[in-house]
**Student:** 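Sharing a structure below in structure tokens format, with a few things to ask.
What you are looking at is a predicted structure, and each value in this text was computed from that prediction instead of being measured.
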Amino acid sequence: QVQLVESGGGLVQAGGSLRLSCAASGRTFSRYTVGWFRQAPGKERECVAAISWIDGSTYYADSVKGRFTISRQNAKNTVYLQMNSLKPEDSAVYYCAADASAPPSPNSYEYDYWGQGTQVTVSS
């Protein structure tokens, strides 16, 4: 089992920044690919970024490329999502998820463990 806890969400003005953290406990977190997903009211859950445990390769959704950066510190069992130049359309509940397979997949069904989510609200 892997337990995931997100933190760092909040209210920010458009153009601002936030850093989300995903802290893990349980099995060897360093051997899990981790993804950040978001879900806004009435919308499908989408993957915004993911990072592989094998080689650190990453995936980014087109909508966040150049603005969001995913990184991990295995020694701290933590994955981060740095979000810059935030837009109102980035407002959503953000979830981190862990997947035992290697590639940084954007598919939510491939992820085995999920956190409870943290709310991000970007005001215009």
**Student:** Considering all heavy atoms of both residues, which atom of Ala97 and which atom of Leu4 are nearest to each other, and what is their separation?
**Tutor:** CA-CD1, 3.7 Å
**Student:** Is there side-chain contact between Trp36 and Ile70, with heavy atoms separated by less than 4.5 Å?
**Tutor:** yes
**Student:** Can Ser25 and Gln3 be said to form a side chain to side chain donor-acceptor pair (under 3.5 Å), step by step?
**Tutor:** CA-CA 5 Å; Ser25 60; Gln3 293 80 40; 3.2 Å; yes
**Student:** Starting from Val93, can I reach Tyr113 by hopping between I/L/V/M/F/W/Y residues whose side chains sit under 4.5 Å apart?
**Tutor:**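 No, it is not one cluster - the side chains of Tyr113 and Val93 are not joined through contacts under 4.5 Å.
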**Student:** Taking the side chain as everything from C-beta on, heavy atoms only, tell me whether Phe68 gets closer than 4.5 Å to Leu86.
**Tutor:** yes
**Student:** Minimum heavy-atom separation for Thr78 and Ser21, please, with both atom names.
**Tutor:**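 Scanning both residues, the minimum pair turns out to be CG2-CB, 4.2 Å.
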**Student:** Tell me the ring-ring contact (aromatic ring centres under 6.0 Å, His included) pairs involving residues 90-112, sequence neighbours left out?
**Tutor:**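 For residues 90-112, and leaving out neighbouring residues, the ring-ring contact (aromatic ring centres under 6.0 Å, His included) pairs sorted by first residue read Phe37-Tyr111.
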**Student:** Return yes if some donor-acceptor pair links the side-chain N/O of Ser57 with the main-chain N/O of Asp55 below 3.5 Å, else return no.
**Tutor:**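 No, the answer is negative, given that no donor and acceptor are paired below the 3.5 Å cut-off.
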**Student:** Taking the side chain as C-beta and beyond, is there a heavy-atom pair between Thr118 and Leu20 under 4.5 Å?
**Tutor:**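 The answer is yes; the side chains approach within 4.5 Å.
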**Student:** Within a radius of less than 6.0 Å around CZ of Arg31, do more than 12 heavy atoms belonging to other residues, nucleotides or ligands occur?
**Tutor:** no
**Student:** Whether the side chain of Glu6 engages the backbone of Cys96 through a donor-acceptor N/O pair (distance < 3.5 Å, no angle test) should be reported.
**Tutor:** yes
**Student:** Does Val64 belong to the same Ile/Leu/Val/Met/Phe/Trp/Tyr cluster as Val120, with side-chain heavy atoms less than 4.5 Å apart forming each link?
**Tutor:** yes
**Student:** For residues Ala92 and Ala40, report the shortest heavy-atom separation together with the two atoms involved.
**Tutor:** CB-N, 3.8 Å
**Student:** Under 3.5 Å, is there a donor-acceptor pair between the side chain of Gln73 and the main chain of Asn77?
**Tutor:**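 The answer is no, because no donor-acceptor pair under 3.5 Å joins these two groups.
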**Student:** Determine whether Leu81 and Tyr59 fall in the same hydrophobic cluster, where Ile, Leu, Val, Met, Phe, Trp and Tyr are linked whenever their side-chain heavy atoms lie under 4.5 Å apart.
**Tutor:** no
**Student:** Do Ser105 and Glu110 have side-chain N/O donor and acceptor atoms under 3.5 Å apart?
**Tutor:**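 A pair is found: one side chain offers a donor N or O, the other an acceptor, under 3.5 Å apart.
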**Student:** Look up atom OG in Ser85 and atom CZ in Arg67, then write down how far apart they are to the nearest 0.5 Å.
**Tutor:** 7.0 Å
**Student:** Measure the spacing between OG1 of Thr33 and CG of Asp112 and express it to the nearest 0.5 Å.
**Tutor:** 10.5 Å
**Student:** Is there a side-chain contact between Ser108 and Trp114 (heavy atoms, below 4.5 Å)?
**Tutor:** yes
**Student:** So, for Tyr60 and Thr69, which heavy atoms are closest and what is the spacing to 0.1 Å?
**Tutor:** OH-CA, 3.3 Å
**Student:** Are any non-hydrogen side-chain atoms of Ser17 and Met83 less than 4.5 angstrom apart?
**Tutor:** no
**Student:** Stepwise, does the salt bridge (charged side-chain N to carboxylate O under 4.0 Å, His left out) test hold for Asp62 with Lys65?
**Tutor:** CA-CA 5 Å; Asp62 288 343; Lys65 280 181 182 175; 3.2 Å; yes
**Student:** Under the rule for salt bridge (charged side-chain N to carboxylate O under 4.0 Å, His left out), what residues qualify as partners of Glu46, not counting sequence neighbours?
**Tutor:**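 Glu46 satisfies salt bridge (charged side-chain N to carboxylate O under 4.0 Å, His left out) with Arg38 once adjacent residues are dropped.
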**Student:** Taking the six-membered ring of Trp53, is the NZ or CZ of Arg72 close enough (under 6.0 Å from the centre) and on axis enough (within 45°)?
**Tutor:**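 Not satisfied by the 6.0 Å and 45° rule.
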**Student:** For the backbone of Val122 and the side chain of Ser91, can you confirm whether one donor and one acceptor N or O come within less than 3.5 Å of each other?
**Tutor:**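 A pair under 3.5 Å: yes.
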